[in-house]
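Here is the structure we will look at.
When reading the values below, keep in mind they use all heavy atoms of this one structure, side chains included, and skip hydrogens, waters and symmetry mates. All chains are named by letter (A, B, ...) in the order of the sequence lines, taking the proteins before the strands, and each is independently numbered beginning at 1.
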There are 2 protein chains.
Amino acid sequence: MSARKNVEETAHVHAPREAPCGPDEHAKRPKARKVSDRQIERAASIFRAVGDPSRLRLLERLSAGEWCVTELAEAAGTGLSTVSQQLKLLRAERIVTRRRAGKHIYYALADRHILDLVESAIAHADEDHRHDDHDDD
Amino acid sequence: MSARKNVEETAHVHAPREAPCGPDEHAKRPKARKVSDRQIERAASIFRAVGDPSRLRLLERLSAGEWCVTELAEAAGTGLSTVSQQLKLLRAERIVTRRRAGKHIYYALADRHILDLVESAIAHADEDHRHDDHDDD
DNA sequence: GCAATACTTCATCATCTATTGAAATGAGTG
DNA sequence: CACTCATTTCAATAGATGATGAAGTATTGC
């Protein structure tokens with residue numbers, strides 16, 4: 001991403017306007033980015049991690065408490081290795097934690113933030129999937 | 001996804017245990033899924049949409065108010081068409097709304113939920129990117 | 001140590017995604 | 001209606017991602 005940045009520069013010859021759109025209150029835009037690239041990347045990375053049905057389902061399960069990989073795989077109906085990979089990704093993002101107990105490894109949600117995130121998203125999706133298609137302009 | 005589901009079935013011959021992990025309190029697991037597949041898909045879909053740095057940056061900008069496509073493209077430093085595609089996706093997920101004003105089309109965040117989501121994620125990422133790597137087992 | 005169980009890593013592959021230039025559409029203006 | 005500006009759609013392409021079986025590591029018990 002951000003391969004080239006002067007695409008529309010070549011399109012118009014005269015100098016580009018400061019704010020080409022602003023009707024009136026849009027005249028002075030704060031163009032400085034409030035948030036660093038690093039933070040954006042990190043936040044997006046977390047979202048991407050939970051933005052997958054299988055992984056989200058995993059998190060939903062974990063919201064009920066600790067589970068080991070075998071259990072999770074059984075509940076998900078997919079291979080062990082699949083679930084392990086998914087958990088690996090979630091762990092890399094610090095969304096889940098694991099603890100060893102003998103031969104088993106128990107996974108759990110990393111913190112309450114994640115729980116809130118998952119629950120609120122599901123709640124939002126719940127509201128949402130009823131009035132399914134409409135347009136807004 | 002969910003191509004085949006009986007992978008580990010072939011691995012062990014004897015009947016699979018109900019709860020192969022549970023030390024004691026994990027004996028009786030509520031295996032029923034609390035949330036429908038549809039909801040999970042929808043929630044994941046929203047997360048996936050915001051789980052991209054470019055789109056998240058777009059949303060960050062929109063959290064400051066309405067912007068038109070030209071402005072957003074200029075601020076992002078990418079092509080117009082790129083931004084348009086990104087907005088199209090966000091709109092398909094009902095994350096942003098648009099309104100026409102003459103030749104311009106102004107985009108805005110769809111609701112306060114989204115604003116909260118974006119802001120809390122960025123806040124979380126802010127906490128997070130300081131203590132960058134550590135392990136948890 | 002050896003077998004068994006629990007889990008992870010590796011390599012592969014099909015599928016999905018993001019970005020892009022070019023061409024198309026839509027809205028305002030003379 | 002021709003012209004311009006704003007935005008979208010199209011098609012192609014490079015790159016990312018997710019699932020999977022096989023092979024590897026770790027822990028327990030004999």
In terms of side-chain heavy atoms of [X], which of [options] is nearest?
| X | options | value |
| --- | --- | --- |
| B:Ser54 | D:dT27, C:dC7, C:dT19 | C:dT19 |
| B:Asp52 | D:dG18, D:dT20, C:dA18 | C:dA18 |
| B:Ser84 | D:dT7, D:dG18, D:dG21 | D:dT7 |
| A:Thr70 | C:dA18, C:dC7, D:dA22 | C:dC7 |
| A:Ser81 | D:dT7, C:dT8, D:dG21 | D:dG21 |
| B:His104 | C:dT20, C:dC7, D:dA6 | D:dA6 |

(request) Of all the heavy-atom pairs spanning A:Val83 and A:Ala73, show the shortest one and how long it is. (result) CG2-CA, 3.6 Å

Under 4.0 angstrom between [X] side-chain N/O and [N] OP1 or OP2:
| X | N | value |
| --- | --- | --- |
| A:Arg98 | C:dC7 | no |
| B:Lys88 | D:dT8 | no |
| B:Gln86 | C:dA18 | no |
| A:Arg48 | D:dT17 | yes |
| A:Tyr107 | C:dT8 | yes |

(request) Check every strand shown and say whether A:Leu87 touches a base, only sugar-phosphate, or nothing at a heavy-atom separation below 4.0 Å. (result) nothing

(request) Please check if any side-chain donor atom of B:Glu93 sits under 3.5 Å from a side-chain acceptor atom of B:Ser45, or the reverse. (result)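 Side-chain D/A pair, B:Glu93 to B:Ser45: present.
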
(message) Would you say that A:Arg98 contacts A:Leu87 through its side chain, given a criterion of any heavy-atom pair below 4.5 Å between the two side chains?
(response) no

(request) State whether the distance check finds a donor on one side and an acceptor on the other, under 3.5 Å, for side chain B:Gln85 versus base D:dT9. (result)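 A donor-acceptor contact between them is absent.
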
(request) Map A:Gly51 and A:Gly102 onto DNA chain D by nearest heavy atom, then report which one ends up closer to the 5' terminus. (result) A:Gly51

(message) Looking at B:Asp37 and A:Arg57, is any side-chain nitrogen of the basic one under 4.0 Å from a carboxylate oxygen of the acidic one?
(response) yes

(request) May I ask you to say whether B:Glu71 pairs ionically with B:Arg61, meaning some side-chain N is under 4.0 Å from a carboxylate O? (result) no

(request) Starting from the 5' end of DNA chain C, give me the residue, A:Lys103 or A:Thr82, whose nearest nucleotide shows up first. (result)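 This one resolves to A:Lys103.
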
